[in-house]
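Read the structure below first, then the notes.
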Amino acid sequence: MIKIAIKDLKLFMAEKRSMILTFIVPIPLITLFSLAFGGMGKSSDVRKLPLVICDEDHTASTMHLVSQLDSLKELQLYHTSTDTANELIGKGKEDAALVLHKGFKDSLEQGKNLPIELRYDQAKQVQMGMLMSVLSGNLMRFVGTKSMERKAIARFDRQNPGMDSAMKTGVHQMISSNFGDGKDGGGKVEAILKATPLSAQPENSPGLVQAVAGTAVMMLLFSVAGLGASLLQEKEEGTLRKLLFSPISASSILFGKMLSANIIAMVQLIIMFTFSWLAFGLNIKQNIPGLILMIVATAFACSGFGVFLASFVKTRAQVQGLTTLIVLTMSAIGGSMMPSFVMPFWMQKMAVFSVNYWSIQGFYDLYWRVLPISDPVFLSRVGMLFAIGLVLNLAAIRMFKKNILNIA
């Protein structure tokens with residue numbers, strides 16, 4: 001038994017690819033996920049939640065509330081109009097907007113329900129949970145304090161109707177100073193924070209769109225990497241050398257590989273989205289032209305990745321090892337494994353360098369935000385996918401002529 005175990009260990013250690021996949025590849029993945037969810041060490045850095053402020057009342061009360069919110073380390077505030085905020089949220093450019101409607105000051109002074117509304121992208125449910133936990137406590141603290149201050153001043157005025165105005169003003173300032181720190185909340189005012197999701201198509205769950213799009217792109221990247229590796233298999237078996245001595249040009253060989261990779265990638269995406277429609281009710285029929293355009297763009301970018309990967313490595317074993325590392329890394333930062341909005345800010349910036357990000361956001365545009373095919377935001381996603389595919393395919397052509405043909 002011991003001899004068999006020793007023999008297997010020697011065989012395992014002799015296989016460099018197995019050693020890499022077992023001991024090296026998990027290290028960068030652990031590093032990536034640790035930074036995404038836990039940070040480094042016991043860092044106390046707080047990731048700021050973006051929040052758009054729409055002040056329709058434009059009074060001292062709303063300005064004071066905004067200044068209080070701006071002082072919170074958990075929030076990063078931006079100011080714009082309500083219409084602009086609705087458009088930004090609808091297109092996925094912003095997560096949420098706090099709308100302070102007209103009448104805020106009057107409602108505060110009279111102890112009525114406050115006209116405050118939080119409009120948000122329903123696809124960002126996790127982030128909205130964190131945002132609501134920050135807003136609720138701080139809004140109640142501010143509103144309760146101001147309510148108690150107003151009641152104290154009103155009670156003093158009722159008890160001292162004939163007091164000189166200058167002296168009364170001084171007393172008012174003294175009362176206000178006792179409530180100025182904003183830490184004596186607990187008032188009974190009904191500060192209702194109305195939460196309104198902005199979604200044009202509630203029929204498609206954002207979780208379903210995330211699961212289908214994220215999984216489809218990740219699995220497609222694995223598939224096209226295997227198709228690209230078939231080129232190396234033909235080189236190792238001597239098939240490529242025979243093709244080069246035939247009337248077929250070298251460019252035709254590579255373009256044929258690219259064409260077959262694109263066709264298989266498109267068929268795979270069609271099958272996956274059709275299955276999601278039949279099994280889970282994903283409404284793919286609401287924008288067929290947009291779906292076709294996204295499938296073609298995603299297939300072009302992913303197939304370019306597979307051919308490019310095969311163009312600069314020397315063996316199929318290297319393709320398999322690099323595929324595992326690169327695809328899992330791109331899928332992690334690009335949003336296939338977890339939604340991009342729950343990632344740290346630096347990872348969200350890195351996401352734009354992955355095929356996964358642009359494809360997933362494009363499918364969100366179609367099936368959650370319900371953007372038309374002519375919308376500039378949707379077209380920008382499609383354009384980036386085609387640009388990524390073009391760069392990878394051009395690089396693959398150059399590397400193919402340099403590496404594959406010379407050693408075939």
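Fair warning: this is a prediction, and the values are worked out from it, not measured in the lab. Side chains included, hydrogens not; waters and symmetry mates left out as well; all remaining heavy atoms used.
Taking the side-chain contact (heavy atoms from CB on, under 4.5 Å) definition, one finds that F275 meets it with A279, F280, sequence neighbours left out. Scored by the side-chain contact (heavy atoms from CB on, under 4.5 Å) test, T84 finds T80, S81, L88 as partners (sequence neighbours excluded). The side-chain contact (heavy atoms from CB on, under 4.5 Å) check on S276 picks up V212, L282, with sequence neighbours excluded. Qualifying side-chain hydrogen bond (donor to acceptor under 3.5 Å, both in side chains) partners for N86, counting only residues two or more places apart in sequence or in other chains: R119. Remark: F363 engages F273 in a ring-ring contact (aromatic ring centres under 6.0 Å, His included) (not counting sequence neighbours). For Q361, the side-chain hydrogen bond (donor to acceptor under 3.5 Å, both in side chains) partners at least two apart in sequence or on another chain are R369. Considering only residues two or more places apart in sequence or on other chains, N287 meets the side-chain hydrogen bond (donor to acceptor under 3.5 Å, both in side chains) condition with none of them. Contacts of E87 classified as side-chain contact (heavy atoms from CB on, under 4.5 Å), with partners at least two apart in sequence or in another chain: K91. Partners of Q76 according to the side-chain hydrogen bond (donor to acceptor under 3.5 Å, both in side chains) rule, which considers only residues two or more places apart in sequence or in another chain, do not exist here. By the ring-ring contact (aromatic ring centres under 6.0 Å, His included) test, F308 is found to be paired with F312, residues two or more places apart in sequence or in another chain being considered.
F378 places none of its side-chain heavy atoms less than 4.5 Å from the side chain of P372. Two residues are said to be in side-chain contact when any heavy atoms from C-beta on lie closer than 4.5 Å; W368 and D121 meet this criterion. At least one side-chain heavy atom of F300 sits under 4.5 Å from a side-chain heavy atom of N393. Looking at heavy atoms from C-beta onward, Y357 lies out of side-chain contact with I333 at the 4.5 angstrom threshold. Proximity of I89 to D95: side-chain heavy atoms (C-beta onward) are nowhere separated by under 4.5 Å.
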Could you give me the CA-CA distance, side-chain angles and deciding distance for I326 and L221, then say whether side chain to side chain contact (heavy atoms under 4.5 Å, CB included) is met? CA-CA 10 Å; I326 296 175; L221 287 170; over 6 Å; no

Applying side chain to side chain contact (heavy atoms under 4.5 Å, CB included), run through L100 and E56 and close with a yes or a no. CA-CA 6 Å; L100 307 176; E56 298 180 347; over 6 Å; no

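Side chain of S223 to backbone of M219: a donor-acceptor contact under 3.5 angstrom is found. A donor-acceptor pair is defined here as one N or O able to donate and one able to accept, closer than 3.5 Å; such a pair exists between the side chain of T62 and the backbone of T59. Using modelled atom types, no side-chain atom of D375 and backbone atom of L371 make a donor-acceptor pair closer than 3.5 Å. Under the 3.5 Å distance criterion, the side-chain polar atoms of N262 are matched with a main-chain donor or acceptor of M258. Without hydrogens or angle criteria, E74 side chain to L135 main chain gives no donor-acceptor distance under 3.5 Å. The backbone N or O of V377 sits less than 3.5 Å from a side-chain atom of S380, completing a donor-acceptor pair. No donor-acceptor pair under 3.5 Å is formed between the side chain of S331 and the backbone N or O of L328. Panel note: side chain Y367, backbone I284; a donor-acceptor pair is recorded below 3.5 Å.
At a threshold of 4.0 Å, the pair K105-D57 does not count as salt-bridged, since none of the basic side-chain nitrogens sits closer than that to a carboxylate oxygen.
Note that the SG atom of C302 and the CD1 atom of I388 stand 9.0 Å from one another [nearest 0.5 Å]. Atom NE2 of H101 is separated from atom CG of D55 by 11.0 Å, given to the nearest 0.5 angstrom.
Here the shortest heavy-atom pairing between I360 and G334 reads CD1-O, 3.9 Å. Closest non-hydrogen pair, V382 versus A297, comes out as CG1-CB, 4.0 Å. When all heavy atoms of V296 and M266 are compared, the closest pair comes out as CG2-SD, 3.8 Å. Contact record, A299 with L269: N-CD1, 4.1 Å, taken as the closest heavy-atom pair. A pairwise comparison of heavy atoms in A85 and A97 identifies CB-CB, 3.8 Å as the closest pair. When all heavy atoms of R381 and D365 are compared, the closest pair comes out as NE-OD2, 2.8 Å.
Counting only residues at least two apart or in different chains, side-chain hydrogen bond (donor to acceptor under 3.5 Å, both in side chains) contacts with residues 208-219 comprise Q210-Y364.
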